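Everything numeric in this text was worked out from a predicted model, so none of it was measured.
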Amino acid sequence: MWHFGIDAVVDPQVLPRIAGFFAQRSIVPAQLKAQVDDDRMRIEIAVDTMDRHQAECCAAKLREGFTVLAVRVYRHERLVAAA
């Protein structure tokens, strides 16, 4: 699973724009969380359905947004318990 940590300016359009970014690429996030901390909005998005190249391309495109301050992307494997 790929996780995107996005820091953005506090603006009412930030969250729908970022969600729309994924929607335009037919990507449905497994998880989306947003929180406002003083002068910035912190958005965490988890996506199951992409490879490393897609994740890096998405992070690069997200960084181009004028309301986006920083984007971190990392991979986190799900732990599957053996039965």
Side-chain angles (χ1 to χ4, degrees):
M1 182 172 302
W2 288 97
H3 292 264
F4 295 84
I6 303 161
D7 292 340
V9 298
V10 178
D11 183 281
Q13 290 297 315
V14 169
L15 195 55
R17 284 184 182 167
I18 290 174
F21 170 85
F22 288 96
Q24 289 171 351
R25 288 154 181 78
S26 298
I27 298 170
V28 178
Q31 182 179 18
L32 187 144
K33 181 174 114 176
Q35 179 178 336
V36 175
D37 291 332
D38 296 325
D39 62 340
R40 65 180 56 201
M41 182 179 288
R42 299 187 188 277
I43 302 164
E44 298 290 330
I45 298 174
V47 178
D48 264 340
T49 56
M50 64 175 52
D51 61 29
R52 177 182 208 86
H53 178 72
Q54 289 172 311
E56 290 172 355
C57 287
C58 283
K61 290 299 274 182
L62 285 165
R63 287 183 190 105
E64 293 175 5
F66 73 93
T67 57
V68 174
L69 303 171
V71 177
R72 296 165 308 285
V73 62
Y74 61 95
R75 182 144 174 99
H76 180 73
E77 296 292 335
R78 284 188 189 176
L79 297 178
V80 180

Mind checking what makes side-chain contact (heavy atoms from CB on, under 4.5 Å) contact with [X], not counting sequence neighbours?
X	result
Ala46	Met1, His3, Gln31
Val36	Val10, Met41
Ala34	Leu15, Ile43

Output the distance between atom [atom1] ([X]) and atom [atom2] ([Y]), rounded to the nearest 0.5 Å.
X	Y	atom1	atom2	result
Cys57	Arg52	SG	CZ	12.0 Å
Phe22	Leu62	CZ	CG	5.0 Å
Ile45	Ile18	CD1	CD1	6.0 Å

Any pair counted as salt bridge (charged side-chain N to carboxylate O under 4.0 Å, His left out), so long as it reaches residues 57-66, sequence neighbours left out = Lys61-Glu64
Pairs meeting criterion salt bridge (charged side-chain N to carboxylate O under 4.0 Å, His left out) with involvement of residues 13-39, two or more places apart | Asp37-Arg42
Closest heavy-atom pair and its distance - [X], [Y]:
X	Y	answer
Ala55	Phe4	O-CE2, 3.5 Å
Ala8	Val14	CB-CG1, 3.5 Å
Val73	Ala59	CG1-CB, 3.9 Å

Test side chain to side chain contact (heavy atoms under 4.5 Å, CB included) on Ile27 and Met50 and set out the steps.
-> CA-CA 9 Å; Ile27 298 170; Met50 64 175 52; 3.5 Å; yes
Gln54 side chain vs Asp51 backbone, donor-acceptor pair below 3.5 Å | yes
Sequence-distant partners of Phe21, ring-ring contact (aromatic ring centres under 6.0 Å, His included), two or more places apart = none
Do [X] and [Y] come close enough that some side-chain heavy atom pair is under 4.5 Å?
X	Y	answer
Thr49	Val28	no
Arg72	Glu44	yes
Arg40	Leu69	yes

